[in-house]
Structures are given as C-alpha cells and as structure tokens.
Amino acid sequence: EVQLVESGGGLVKPGGSLRLSCAASGFTFSDYSMNWVRQAPGKGLEWVSSISSSSSYMYYADSVKGRFTISRDNAKNSLYLQMSSLRAEDTAVYYCARGRGSTLYYFNYWGQGTLLTVSS
Amino acid sequence: DIQMTQSPSSLSASVGDRVTITCRASQGIGIYLAWYQQIPGKVPKLLIYGASTLQSGVPSRFSGSGSGTDFTLTISSLQSEDVATYYCQKYNSAPFTFGPGTKVDIK
C-alpha cells in the first residue's frame with residue numbers, strides 16, 4: 001500500500017525557515033516524481049514544487065522560487081522541502097504527492113498533509 | 001505562464017442530474033489535463049488524467065473530454081457522495097497549475 005507521511009509543519013515567525021519531510025513507502029520511490037502541493041485555509045489547491053525521479057529536474061511555482069528548495073533522498077525514500085524567508089501567505093496545509101511516473105506531474109497518491117502557520 | 005480557469009465556480013444540482021464542469025487553459029496544453037475531487041475535510045483524489053482517462057477505481061459516472069484549451073468534466077448522474085470541490089490541473093510543462101476549483105453540492 002502506498003503511504004506518504006508528511007512531517008515538519010508548525011508555527012514559524014515571518015522571515016523564518018523550516019524543512020518539511022515526506023516519508024514514502026509501499027512503492028519504488030526512485031521510480032516516481034515527487035511533488036508538493038499546498039492549500040491555504042479555505043482556499044484551493046496550489047502546486048508548489050516538483051522533482052523528477054532522479055533529481056534531474058526541479059520545478060517551482062513563482063510564488064516560492066528563490067525561497068523554497070525541493071530535494072529527495074532515494075536511499076531513504078524521503079522527499080523534502082526546505083523553506084526560508086517565510087511569509088504569512090505561505091500558511092497552508094502542505095501535501096506531499098506522488099507523480100504518475102518518473103517525469104509525469106499529475107498526482108495519484110497524496111499524503112494527509114502537514115500544517116504550516118507563519119505568524120508573529 | 002498558462003492560466004487555468006474553471007466554470008462555474010459553484011453549482012447546486014439534484015441527485016441524478018447530469019453535471020458539467022468546464023476548465024479552460026489560456027494556451028493549448030494538448031491532453032495534459034487532470035481532474036481531482038476533494039471532498040470536504042479530505043485529501044484530493046485523482047479522477048481523470050490525459051483529459052479523458054478514468055483513474056482506476058473511479059466510478060464510471062465520471063468522464064472527461066477535451067483537448068487544447070477546452071476541457072470538460074461530466075458527472076452523468078450526480079450522487080450525494082459527489083459533493084466536493086473539483087479541480088483541473090495542467091501538466092504539460094511547469095508550472096503545473098491547478099484551476100481555482102468548482103464546488104458541487106446537492107440542491
């Protein structure tokens with residue numbers, strides 16, 4: 001069974017940094033693209049960042065470019081999102097999502113999400 | 001960047017009704033379009049990819065069509081468990097933008 005478990009969310013002050021993690025199991029992690037999607041309270045889905053299976057390609061939404069860094073460790077079956085210069089508008093539930101293939105960026109498995117709150 | 005729009009933003013229909021949601025891309029994206037369902041309080045669920053291919057396990061009352069810039073998600077006979085917000089997403093190239101969503105509820 002595919003499982004994606006996010007961790008690392010919490011309360012951070014504006015300008016602060018945080019790293020989210022996603023632990024994957026139940027599939028061959030190194031075969032799939034991995035992705036972060038966020039959802040601000042009461043709002044729609046916003047794609048944040050994607051990384052191909054071998055880390056050859058990384059993509060970012062304009063809203064986070066230069067502030068967030070996506071990475072993965074295929075040996076540890078883990079995905080990460082390093083976030084810095086955090087803003088109030090980054091407050092959201094952050095979902096880890098598996099892509100359909102190594103470089104396919106639609107998402108057939110999602111974690112339960114981790115909540116990031118950016119507030120002073 | 002390509003912008004994704006959806007219409008309507010919300011709709012109310014009766015059980016058994018045929019429901020149609022439209023997604024438009026500001027430029028052509030071929031058939032690189034996915035649809036998701038998010039039931040309140042739940043995680044998004046993939047319904048359709050490749051504009052018209054039903055994800056395994058999704059009821060056949062859901063269907064998708066379109067290519068280029070205009071796409072449609074149809075629920076042939078609305079059920080109470082279909083109350084949700086539906087999102088389209090482009091995945092031809094980054095950014096892999098979602099549409100703003102269409103909220104569906106029961107009249």
Side-chain angles (χ1 to χ4, degrees), chain A residues 1-6 9 22 24 27 32-53 55-66 68 70 92-115, chain B residues 1-10 21 23 25-26 29-58 62 64 66 71 73 84-104:
Chain A
E1 179 196 3
V2 172
Q3 284 200 317
L4 300 169
V5 179
E6 303 92 338
C22 172
F27 65 100
Y32 294 90
S33 75
M34 293 300 297
N35 311 270
W36 291 100
V37 176
R38 69 185 181 184
Q39 187 167 35
K43 302 296 185 183
L45 301 175
E46 180 186 12
W47 170 77
V48 173
S49 184
S50 297
I51 186 167
S52 62
S53 59
S55 302
S56 297
Y57 305 102
M58 288 168 275
Y59 305 101
Y60 299 93
D62 284 346
S63 58
V64 307
K65 203 172 291 182
F68 290 12
I70 192 171
V93 173
Y94 284 73
Y95 295 105
C96 164
R98 195 193 84 172
R100 188 67 190 273
S102 59
T103 54
L104 280 174
Y105 301 100
Y106 64 94
F107 319 129
N108 58 341
Y109 289 98
W110 297 65
Q112 291 301 308
T114 187
L115 175 62
Chain B
D1 291 344
I2 295 173
Q3 305 304 313
M4 305 299 293
T5 59
Q6 287 183 232
S7 60
S9 56
S10 65
I21 298 167
C23 174
S26 60
I29 60 170
I31 59 167
Y32 292 93
L33 193 283
W35 289 97
Y36 300 85
Q37 175 195 61
Q38 188 176 30
I39 291 169
K42 301 291 188 182
V43 172
K45 172 186 173 183
L46 176 67
L47 296 178
I48 286 169
Y49 59 94
S52 61
T53 303
L54 204 63
Q55 170 70 359
S56 175
V58 173
F62 291 92
F71 302 88
L73 173 69
T85 301
Y86 294 84
Y87 299 91
C88 61
Q89 182 220 359
K90 64 173 280 292
Y91 59 93
N92 61 313
S93 62
F96 306 117
T97 310
F98 288 91
T102 295
K103 188 174 182 180
V104 174

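Convention: sequence-line order gives letters A, B, ...; per-chain numbering from 1. For clarity, every value in this text was computed on a predicted model and none was experimentally measured.
Around atom CD1 of Ile31(B), no more than 12 heavy atoms belonging to other residues, nucleotides or ligands sit under 6.0 Å away. When the shell of 6.0 Å around CZ of Phe98(B) is examined, it contains more than 12 heavy atoms from other residues, nucleotides or ligands.
Distance check, rounded to the nearest 0.5 Å: OG1 of Thr85(B) to CD of Gln39(A) gives 8.5 Å. Rounding to the nearest 0.5 Å places CZ of Arg100(A) at 5.0 Å from CD of Gln55(B). Put simply, CG on Leu104(A) and OH on Tyr32(B) are 8.0 Å apart, with the number rounded to the nearest 0.5 Å. Distance check: Thr97(B) OG1 to Leu45(A) CG gives 12.0 Å after rounding to the nearest 0.5 Å.
Neither the backbone nor the side chain of Asn35(A) has a heavy atom closer than 4.5 Å to any heavy atom of chain B. Using a 4.5 Å cut-off between heavy atoms, Tyr106(A) contacts chain B through both its backbone and its side chain. Residue contact with chain A, scored on non-hydrogen atoms closer than 4.5 Å, involves the side chain of Asp1(B) exclusively. Using a 4.5 Å cut-off between heavy atoms, Val37(A) touches chain B through its side chain atoms alone. Heavy atoms of Glu46(A) lying under 4.5 Å from chain B belong exclusively to its backbone. Contacts of Ser49(A) with chain B are absent, with no heavy-atom separation under 4.5 Å from either backbone or side chain.
The aromatic rings of Tyr105(A) and Phe96(B) sit parallel to each other, their planes meeting at less than 30°, with 60° as the upper class boundary.
Closest approach of Val43(B) to Tyr95(A), counting heavy atoms only: CG2-CE2, 4.0 Å. Tyr87(B) approaches Gly44(A) most closely through the heavy-atom pair OH-CA, 3.3 Å.
Looking at heavy atoms from C-beta onward, Pro95(B) lies in side-chain contact with Trp47(A) at the 4.5 angstrom threshold.
One N or O on the side chain of Tyr36(B) and one on the backbone of Phe107(A) form a donor-acceptor pair closer than 3.5 Å.
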